[in-house]
Amino acid sequence: MHSFNDIFETYNWDEVKTSIYAKTGADVEKALSATKRTLEDFKALVSPAAAPYLEQMAQLSQQLTLKRFGKVIQMYVPLYLSNECSNICTYCGFSYDNKVRRKTLSPMEIMREVAVIKDMGYEHVLLVTGEDNVTVHVDYFKKALELIRPHFAHISMEVQPMDLEDYEQLTPYGLNTVLVYQETYHREDYKKHHPKGKKSNFKYRLETPDRLGQAGIHKMGLGVLIGLEDWRTDCFFTALHLNYLEKRYWQSKYSLSFPRLRPFSGGLEPKVEMNDRELVQLICAYRLFNEEVELSISTRESPHFRNNIIKLGITSISAGSKTNPGGYAVEPESLEQFEISDERSPAEIARVISQQGYEPVWKDWDNCLT
Ligand code: SF4
């Protein structure tokens, strides 16, 4: 077995989709009563047949999350370093063909942004860039990590997929977590949404978590962009990917995100709509399938939704986010990747979490224990 691609190749998208939509109430009940849930159970839990069982799923998800994580929600914030990108992605404001001014933060600008984020109280930062190997490359990341590391307890990164050697070079600089979303596991539609640039290589992206595991990364994050394709099928493949990685790279930890397509300048309309109840169903299905995985929710979602999801299975939340480079201090008006839905400050979100009897945690719990 060389990589996840070997497993992925044995699956057929249409067959998986058909089997999900064929699940019945009896399959859902079997999944709910199981002690160890399988991928077939996961299919049942994300299927339309599970809709009437949402309350039961939510209760179970809450219990399992409490048992594993306690009453804590980890706080993190994105720091966009650059909006330069040499890829065309149909759904993103940073796409190469979007003719807008580009910006990559200089070392001094990075530190101005860091100062504002630190003032908000954050100890966990997610560094984000577009995918441009000329301006934002391994040496740029090393420099950025050197600058940022002393100020944060946990550093995550969401940048272009890289080679194994690159990840091996970056981990000694204090890189803890890498997020790499497949966007969609539908190979043909992936091509349509990524017509140009390195990102059009589906297999290279699909195998990135393998390279991260081989590099011994502390934690990696997976997910798809919900709205590009049938979300139930895409999320099944995410669960399959997670299952494989956990078994093979058992020393790493894992997180899942479920971003829904958001408006941006000149943007794509979702092909497939997912309503709020369905997103709750998905979050609970992930938790019932995997008790260990961290589940993360961003400011893409509305205040109302975020308030109500806190107790139902998620473990980390961002707040006060800017999705443009320099957005906190240097250049608040630069191009943002997508529109934020929840504009509340980190302090307000922390208050909402506390009001529900949970504790907002600013320092990553993994690091607290090491
Ligand atoms: S999704 Fe990423 S790779 Fe695609 S255009 Fe946006 S920043 Fe670039």
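Read the numbers this way: they start at 1 and go in the same order the structure lists the ligands and their atoms. In this text the structure is predicted, and so the values were computed from the model without any measurement.
For Q63, the side chain to side chain contact (heavy atoms under 4.5 Å, CB included) partners two or more places apart in sequence, or in a different chain, are L60. Considering only residues two or more places apart in sequence or on other chains, K198 meets the side chain to side chain donor-acceptor pair (under 3.5 Å) condition with none of them. With sequence neighbours left out, D342 forms a side chain to side chain donor-acceptor pair (under 3.5 Å) with R306, R344.
The side-chain heavy atoms of K142 and L170, taken from C-beta on, include a pair separated by under 4.5 Å.
Note that K253 lies outside the cation-pi zone of Y249, set by a 6.0 Å cut-off to the ring centre and a 45° limit from the axis.
Within the protein, the N, O or S atoms lying under 2.8 Å from atom 4 (Fe) of ligand 1 are C89 SG.
In this structure, the ring of Y185 has its center no less than 6.0 angstrom from the ring center of Y190.
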